[in-house]
Amino acid sequence: MADPKGFLTTGREVAETRPVAERVRDWNEVYVPGSLLPIIGKQAGRCMDCGIPFCHNGCPLGNLIPEWNDYAYRDDWRAASERLHATNNFPEFTGRLCPAPCEAACVLGINQQPVTIKNVEVTIVDKAWAAGDVTPQPPERLSGKTVAVIGSGPAGLAAAQQLTRAGHTVAVYERADRVGGLLRYGIPEFKMEKRHINRRIEQMRAEGTKFRTEVEIGRDIDAAKLRGRYDAVVIAAGATTSRDLPVPGRDLKGIHFAMEYLPMANKVQEGDLTVSPISAEGKHVVVIGGGDTGADCVGTAHRQGAASVTQLEIMPRPGEERGANQPWPTFPMLYKVTSAHEEGGERVYSVSTTHFEGDEDGNVQWLHLVEVEFTDGKLVQKPGTERRIPAQLVTLAMGFTGTDRQNGLVEQFGLELDARGNIARDADYATNVPGVFVAGDAGRGQSLIVWAIAEGRSAARGVDRYLTGTSTLPAPVRPTDRALAV
């Protein structure tokens, strides 16, 4: 145990953010560089090394959290990094982007603020990179087997790295011009600078993984032909079909899916564009959807100089404390104030969009909404609450409905879908097509980055066993596992 009295003597402290007025003028990460180092040892010492560490259950990767907390407390950063990487291929991604279900399941959280697990995690991996402790791990020998991975998001990258290290020759196909999937173009720079992706890709290249960008399976290469080229295929194409809002005025100019809006802002940061073709500058912006993607749109609009930003959510505002109907150690639905919300804007709950109104040139100008409430388990409109708000740019951030069906990948492979429209798979992540496996959101549906990495690792075991008859690779989750929730 790190500090036997740490949880009694030390309060919770989290990473310090830069002043709002400063950070909205740039696209760098919002946290003060190095602010965690003076406090993180004591924060790690708050871990109680529980007899049954429920944080393991909250985290689908099964991260060895009490162990690396102990090493961090004792300043043994190399050992902490080894324990961290034992279960997580990319802790610098999860340490920045994961909503930390491990913290919701922390035993200390029963009656105190939980351990800052996420902050400890990102400190360990950042120090490991700075010290040169993160190095390529090429296989000792090759198996002679080849694997194609479709998609370079967290699931595809995790599966590719595991299979490469197992000795297989792996090629990752990505339809965008750069590797990273939604990590690259769906996550704004202020949440995670893309240098973190770049150095992982270089590590993977040094291990032997090959990358093929600007190649879309189903359009550029027939899926059936790809299957003929490789001994196995892993589909990690994500659930990229955005949920639409079919109301009058939807076809007006200035209404975009979040995944049309956010990538353009990221391309500016990559140097591909001088300005985004979809910019919030000087406009009244409305973001429909109250989740993390919606918050990303809010923060992006602030940095582009929006005149105003309003975020709409159809559900009621959550409480600020865990309710009795969401007991520990489940992941509670709480009122969440992200760094983007700290920067300004208005959040409106329990409203539904009825229609859009435009000008004579077909540009959206107004959004009409109405208040809603749950009655007998149904969402109904409240009469007399209709109103309109200015909206010159609208982003739809209402989640995703499944993997892309337009590019032909599903049909060309002949894949079966489950009742939710995801690609069906068995206990080994294998589809109905021999040698074709599926990992991440394409099989699970829209989920978290930590689940994507866990599925990529687990699918790699299924592929390895298919190719060799046995496998020593870990499989932290089953396809049927779900988050610890009510």
Side-chain angles (χ1 to χ4, degrees), residues 1-17 30-88 91-92 94-131 133 319-324 326-332 334-337 339 450 476 483-485:
M1 185 173 182
D3 180 356
K5 296 183 179 180
F7 69 97
L8 297 173
T9 60
T10 303
R12 177 181 167 102
E13 291 184 79
V14 297
E16 181 184 354
T17 55
V30 301
Y31 297 104
V32 175
S35 64
L36 282 172
L37 287 176
I39 66 172
I40 207 63
K42 285 190 174 182
Q43 290 303 304
R46 297 180 70 234
C47 178
M48 300 188 294
D49 193 19
C50 307
I52 300 177
F54 276 81
C55 54
H56 288 194
N57 294 79
C59 175
L61 283 166
N63 281 335
L64 306 173
I65 296 165
E67 295 185 34
W68 42 258
N69 273 331
D70 181 66
Y71 285 126
Y73 173 75
R74 302 178 192 282
D75 287 333
D76 190 345
W77 297 102
R78 177 172 291 182
S81 174
E82 186 278 327
R83 290 287 78 196
L84 180 57
H85 282 94
T87 58
N88 188 349
E92 65 270 43
T94 52
R96 287 174 167 83
L97 304 176
C98 182
C102 54
E103 293 187 17
C106 174
V107 174
L108 183 58
I110 294 176
N111 57 9
Q112 294 188 42
Q113 289 294 308
V115 175
T116 56
I117 298 170
K118 182 175 173 180
N119 282 180
V120 178
E121 176 183 20
V122 79
T123 303
I124 292 170
V125 68
D126 284 354
K127 285 185 69 67
W129 277 108
D133 292 336
E320 297 188 17
E321 296 183 359
R322 186 191 290 270
Q326 300 180 75
W328 175 90
T330 60
F331 189 72
L334 301 178
Y335 180 67
K336 183 178 179 181
V337 180
S339 64
V450 68
L484 193 63

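Quick caveat: nothing in here was measured; it's all calculated off a predicted structure.
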**Prompt:** In Å and rounded to the nearest 0.5 Å, what is the CG to SG distance from N63 to C102?
**Reply:** 7.5 Å
**Message:** Would you say that more than 12 heavy atoms from the other residues, nucleotides or ligands in this model lie under 6.0 Å from the CG of L8, or not?
**Reply:** yes
**Item:** R46 (side chain) donor-acceptor with Q113 (main chain) under 3.5 angstrom
**Value:** yes
Less than 3.5 Å apart, which donor and acceptor atoms pair up between the side chains of residues 118-130 and the rest of the protein, not counting sequence neighbours?
from	atom 1	to	atom 2	distance (Å)
K118	NZ	C98	O	2.6
N119	OD1	A15	N	2.9
E121	OE2	N88	ND2	3.2
E121	OE2	T94	OG1	2.7
T123	OG1	N119	O	2.8
D126	OD1	R96	NH1	3.4
D126	OD1	R96	NH2	3.4
D126	OD2	R96	NH2	2.9
W129	NE1	E92	OE2	3.3

**Asked** Considering all heavy atoms of both residues, which atom of Y335 and which atom of V337 are nearest to each other, and what is their separation?
**Response** CE2-CG2, 3.5 Å
**Asked** How would you list, by chain and number, every residue that makes a ring pair (Phe, Tyr, Trp, His ring centres under 6.0 Å) with W328, sequence neighbours excluded?
**Response** F54
**Check: R322 side chain, A104 main-chain N or O, donor-acceptor pair, under 3.5 Å** = yes
**S81 side chain to R78 backbone, donor-acceptor under 3.5 Å** = no
**Request:** Of all the heavy-atom pairs spanning G51 and P53, show the shortest one and how long it is.
**Result:** O-CD, 3.6 Å
**Request:** Examine distances only and state if a side-chain atom of Q43 and a backbone atom of G11 form a donor-acceptor pair shorter than 3.5 Å.
**Result:** yes
**Message:** Rounded to the nearest 0.5 Å, what separates atom CD1 in I40 from atom CG in N69?
**Reply:** 8.5 Å
**Request:** Provide the closest heavy-atom pair for S35 versus V32 in the form atom of the first, atom of the second, distance.
**Result:** OG-O, 3.0 Å
**Item:** Nearest atoms (heavy-atom pairs only) where A80 meets A72
**Value:** CB-N, 4.2 Å
**Complete:** Per side chain to side chain contact (heavy atoms under 4.5 Å, CB included), I65 is matched among T87, D70, I117, V115 by I117
**Asked** Does the side chain of E321 come within less than 4.5 Å of P332's, by heavy atoms?
**Response** no
**Item:** CE on M48 to CD on Q112, rounded to 0.5 Å
**Value:** 7.5 Å
**Message:** Is the shortest side-chain heavy-atom distance between C47 and Y73 below 4.5 Å?
**Reply:** no
**Prompt:** If every non-hydrogen atom of C55 is compared with every non-hydrogen atom of P66, which pair is closest and at what distance?
**Reply:** SG-CD, 4.1 Å
**Message:** Can you tell me how far apart CG (L36) and CD (E13) are? Round to the nearest 0.5 Å.
**Reply:** 10.0 Å
